[in-house]
Number of protein chains: 2
Amino acid sequence: MTNGSPGRTERAGRTERPRAGRSGRTGRRGGDSGTREAILDAARKRFAAHGYGGATIRGIAADARVDPALVHHFFGTKERLFAAAVRLPVVPGELISSALAAGAGDPGSSLGEHLVLTALAAWDVAEIRDTFLGLLRSAATSEQALIMLREFVTEAIVGRLSAAAGTADPAQARYRAALVASQVVGLGIARQVLGLEPLAEAGRAELAAAVGPTLDRYLSGDLG
Amino acid sequence: MTNGSPGRTERAGRTERPRAGRSGRTGRRGGDSGTREAILDAARKRFAAHGYGGATIRGIAADARVDPALVHHFFGTKERLFAAAVRLPVVPGELISSALAAGAGDPGSSLGEHLVLTALAAWDVAEIRDTFLGLLRSAATSEQALIMLREFVTEAIVGRLSAAAGTADPAQARYRAALVASQVVGLGIARQVLGLEPLAEAGRAELAAAVGPTLDRYLSGDLG
DNA sequence: GTCTATAATCGGATAGAC
DNA sequence: GTCTATCCGATTATAGAC
């Protein structure tokens, strides 16, 4: 019922795959057919939409127009498929570093605003959003995914941010960075998961102006 | 494996149930044995820990020391059990109203600090925490639970809070209240779900001093 | 009210032909 | 690389005895 594909005749021909970069070097080995990437794409979307437990190999295979057995053929188990699907092509820590650098060199707008804009822009990239959503939804149910998400937030976000905190004490710096993370994650969940209405449709600039100062204060202001 | 109860002999005698209120009026009908409440308790904890999809009727029944068939006998389906389990005994909107009233009458500390302290205190009440966690974890997977959570946040939190926003425009008031909700929810998730370390062990007063001013600014400050 | 079957379904995983 | 067939475990839900 979930897969009411009208026809299901054309399924074998997998020639319509979009060729990636191809920068002079020959793309891949000869025997390849793009199926693996199609499965990964479908998996990312399914994990993002339903979480680890809710996503099924059968459903992912259907989305990728592929036989379920092929998923096992390529990835072995569901766990390994998940691990492969949430491997980000772009390291988010680098985004933060860029935002920190940009914020430092721009006296016109604050560091906090740069961080919010960076986060909002990242949410708009399908692969990043799906990866983070998949991690988030899965962490609700799977202990393994929770650990991955915690490490992700701790290392990539808090780790980088604590360098920008206005404190010499490392413990204080991590505390400040964690406060920033709590507001950024909360904003993302409210907008993207909950769909909290006045927030979900607000513009980037508006949100940056609203919560940027909060992050500035968490990073280097007076905390009471 | 999850349920390595050592013995499982004593299971029938259900006489040790704690009597609730009992305010003059005879508690319940004669045929009662407290099983229903035991099931609800176990269900709340299981839904909080594993979400809707992850929690099983069998597991809930095991926790309640009861036969799985009894769960169906009392609640019919898993969905109806969930609905019954996440029905809060205390309406959280009233907590917010109290915090608003207390904050208004206390010039010593700000309204935002009162709100943070109220939220942190609510997290410490087992039934409230379990209900909210159950809703949260389930919303990650179940569309139905997501709707319930959204209505919960929208009506109980944003609805009440927007009354306290320093704006005449109702749309602006809801926007301000939603910003508050995003920070409060983010803090709760970071602490209770993610277990983000510097935050999870921070004291209530410290957190109130840190994020209280954020809420004050969202409610009635300059947003850019 | 409580429990023992048991039906019906679904999902992950494997073996092996082509 | 791809697909068919199948096994196995887990789960919701029901019927009906006591």
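As the structure is a computational prediction, the values presented were derived from the model and not from experiment. The sequence lines fix the lettering, A, B, ..., with proteins before strands; numbering per chain opens at 1.
The list of ring pair (Phe, Tyr, Trp, His ring centres under 6.0 Å) pairs with a residue in residues 53-84 of chain A, not counting sequence neighbours, reads A:F47-A:F82, A:Y52-A:F82.
For B:Y175, the side-chain hydrogen bond (donor to acceptor under 3.5 Å, both in side chains) criterion is met by no residue, not counting sequence neighbours.
The separation between B:L70 atom CG and D:dC18 atom C1' is 14 Å, rounded to whole Å. Here D:dA13 presents its C1' atom at 19 Å from CZ of B:F82, a figure rounded to the nearest Å. For the pair A:F74 CZ and D:dT2 P, the computed distance is 5 Å after rounding to whole Å. In this structure, the CZ atom of B:F75 is 16 Å from the C1' atom of D:dA13, given to the nearest Å. At whole-Å resolution of the value, CZ in B:R36 and P in C:dT2 are 12 Å apart. Rounded to whole angstrom, the span from the NE2 atom of A:H72 across to the P atom of C:dA13 amounts to 4 Å. At whole-Å resolution of the value, CG in B:D67 and P in D:dA13 are 15 Å apart. Taking atom CZ of B:R80 as the reference point, atom P of D:dT14 lies 11 Å away to the nearest angstrom.
Ranking C:dA13, D:dA13, C:dG1 by closeness to the B:T77 side chain, first place goes to D:dA13. Comparing C:dG1, C:dT14, C:dA13 against the side chain of A:A69 picks out C:dT14 as the nearest. Distances from the side chain of A:H73 to the nucleotides C:dT4, D:dT2, C:dA13 place D:dT2 closest.
B:T35 has a side-chain polar atom (N or O) that falls below the 4.0 Å cut-off from OP1 or OP2 of C:dT2.
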Using nucleotides 6-8 of chain D, report all nitrogen or oxygen pairs with the protein that are shorter than 3.5 Å.
none

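Within the 4.5 Å cutoff, the side chain of B:R191 has heavy atoms near those of the B:L120 side chain.
For the atom pair CZ of B:R129 and NZ of B:K45, the computed distance is 9.5 Å after rounding to the nearest 0.5 Å. The line from CD1 of B:I96 to CD1 of B:I157 is 4.5 Å long, rounded to the nearest 0.5 Å.
Note on B:A61: nothing from the nucleic acid sits closer than 4.0 angstrom, heavy atoms only.
For A:L146 against B:V193, the heavy-atom pair with the smallest separation is CD1-O, 3.6 Å.
For the pair A:S142 (side chain) and A:A139 (backbone), a donor-acceptor distance under 3.5 Å is absent.
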